[in-house]
Amino acid sequence: MNITQSAAWQNLQAHCADMAGTHMRDLFAADPQRFDSMHETLHGLLFDYSKNRISEETLNLLCKLAETTGLPQQAEAMRHGGKINISEKRAVLHTALRLPADADPVRVDGENVIPTIHRELDRALAFAESLINGVHTGATGKRITDFVHIGIGGSDLGPQLAVQALQPFHKNVRVHFVSNSDDANIAQILAPLHAETTVFCLASKSFGTPETLLNAHAARAWFRDGGLREADIARHFAAISSNVEAAHNFGIPPDNVFAMFDWVGGRYSVWSAIGLPVMVAVGGTHFRKFLSGAHAMDEHFFHTPLRHNIPALLALIGIWYSNFCGAHGQAVVPYSHNLRRLPGYLQQLDMESNGKHRTLHGGKVEHHTGGIVFGEEGVNCQHAFFQLLHQGTRLVPADFIVSMRTPYKIGRQHRFTVANAFAQTEALMRGKTQHEALAELLHLPEPERSSLAAHKEFPGNRPSNSILLETLDPFRLGMLIAMYEHKIFTQGVVWGINSFDQWGVEYGKALAKNIEPELALAQELHHDSSTNGLIAFYRRCNP
Ligand code: F6P
C-alpha cells in the first residue's frame, strides 16, 4: 500500500494547508485551557504537547493515519513475538526483556522466551553484585575497583546513557566505556587503571565487530603487560554476546559469558545482559526498577487509545512536521547534565531504525522517513544552536526533557536550569512581534529603532514537546527510553518500513576491510582519485 495515496494522508495534506496561517499564540488565546486537553501523565512523567501547531482535528487525522497503517495490529504482532523484522526473519522482543518472570508466555518458534530471559538476567545481576560486594576478586585476591565495558553502537550507547543518567545511584565500582577504534579512547581509559583490580567486559551481539575485537585484543595485551597471566583472564574478562562460542574461543569461561538473543536488536538491548555495566554501576535493585519503568511504558503503549498514547502522540506529531509541514530535523534537549548522552543514544535508535528508503517489501518509499536527530544538554545548547531554532529559516521541532527534582543540593543551579527550559519553550511558541520589539526600544531614535526591532523580532510558532520527569531515577529513565523506542516503532509502521534492520551500515564496513592493508603496503591503488589521494597522504605521513 502506498500510504501517500490514502484518504488519511491526503486529508492531512489538506488540513495542513488550512492550518498554514495559524499561529500557536492564537491557538492558546482561543483556548485558554489548551494545556488541559493536550498533556498526558503517567507514573510521574508529564508529556505536554500543547506547544505544537496542532488542533484537535490534527490529532484525530493523525490517529486515523496510524489506524490506516495498522499500528494497533503491528504493535500486537511485535508484543507476541511475530517476525516483524522481515528482512532478517526475526521477532522483535525488547519488550519481553522487561516482562516480569510470571508473565504470560511469549513464544518464538514455539519456545516460551520468558524463563530464558530471566535466567540470563539473574546470572548477569549475580555477577554484577559479586563485583559490587567484593566476592568476585581479581586473580591476586584484590577487590575489583574498575569495570571497562568494550562495545560499540547498540552495545555501548544504551549502557553509557543509563550509567551516566543514574550517577546519584552509583555503588562502589567505577564503570568506564571504550567504543572507538581510535587509540586515544582506550589509551585514556586504561592510563589510570591497574590490571589486578580491573574487569573487562566485551560486549558484541555478533562478536564479530572489528572495532570491538580490536579493543578487546588491546585490553588483553594491556592486561598481560600489567603482569598477569593468560590463565587469569578467567577472573578479569566477561562477555555479552549471542555468539557465545566466539566469546569462549577468546578465552572467556562460560560462567562469565552472558547471552544475547537474536530477537533483540543491538540498539534495543540495554534491557538485556548488555545492561551489565548499568547493573555493576547501580546494583540489581535499581536495575530491576529500570526494567519496571520500561514495562510500565510498554503497558501504556500497548493498551492506551492512540489519542492519549504518549509514544504514539510523540510519533504522530513528529510525522505531522516531517511529512506535512516540511520540518528539517528533530532536536532533543535534555536539561540535565546526567542525560547528556541522550541525544547520541537517540541518534542511533532513531536514525539507524528509520533511516530507510525501502518499504517493508522492498519497494521505494514515496515520502520522507526518519529525520535528522541532534541535540545537546541544556542550557549549553542555548549558547550554541538555539539561535537557529528561534530565528532561522528552517522548522526544527524540539523535545525538552527536564527532571523536576535534583539529588544535588548546590546553590540554585537546578531551579535556574528548569526555568531556562520552560522559558525556551515559551519563547519558541510565542516569539516576539515587531510591535513588542519596538516597545522595548523607545529610548532609541528612528530609523535605528525600527532597524534594530527588525532584528529583535522572533517569528515564534516554533514547536516543542516538554517531557517532565518527577525525578531522574531508574524507573523514570526506563519509561523515558521505552517511550522513545515506541515512538520510533510507531513512525516506522506509519512509514511502512522495517525499523529493525540496518543494512546501510554494512557497506562501509566492507570497504574499510580493503583499505586497511592498503594503508600499510605500497601497492597500486584502484579507488576513485579522492580515495587514492587520501590513502597516499596517509602513506606520506607514515613512511
Ligand atoms: O552500527 C552497526 C551495528 O550493527 C549496530 O546495529 C550495532 O548496535 C553495532 O553495530 C554493534 O554490533 P555488535 O553488538 O554485534 O558488536
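In listed order, ligands and their atoms are each counted from 1. Note that these values count all heavy atoms, side chains included, but never hydrogens, waters or copies made by symmetry. Here the structure is a predicted model, which is why all the values come from computation and not from measurement.
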I want to know whether [X] and [Y] have ring centres closer than 6.0 Å.
{"X": "F302", "Y": "H486", "result": "yes"}
{"X": "F290", "Y": "F475", "result": "no"}
{"X": "H176", "Y": "F147", "result": "no"}

Structural part of K205 in contact with ligand 1, heavy atom criterion under 4.0 angstrom: both

Can you tell me the protein heavy atom closest to [atom] and the distance?
{"atom": "atom 8 (O) of ligand 1", "result": "G154 N, 2.7 Å"}
{"atom": "atom 9 (C) of ligand 1", "result": "I152 O, 3.7 Å"}
{"atom": "atom 13 (P) of ligand 1", "result": "T209 OG1, 3.3 Å"}
{"atom": "atom 4 (O) of ligand 1", "result": "K509 NZ, 3.7 Å"}
{"atom": "atom 15 (O) of ligand 1", "result": "S206 OG, 2.6 Å"}
{"atom": "atom 2 (C) of ligand 1", "result": "V505 CG2, 3.4 Å"}

Modelled atom types, side-chain donor and acceptor of T95 and D298, under 3.5 Å: no

Ligand 1 atoms in contact with Q348 (distance to a heavy atom under 4.0 Å): 5 (C), 6 (O), 8 (O)

Candidates Y268, Y484, W263 - the one meeting ring pair (Phe, Tyr, Trp, His ring centres under 6.0 Å) with H94: Y268

Of the listed options E352, M260, Q502, closest to atom 6 (O) of ligand 1 (non-hydrogen atoms): E352

Short N-O contact, K83 and D109, less than 4.0 angstrom: yes

Residues R288 and D122 bridged, charged N to O under 4.0 Å: yes

Geometric N/O contact S204 with ligand 1, under 3.5 angstrom: yes

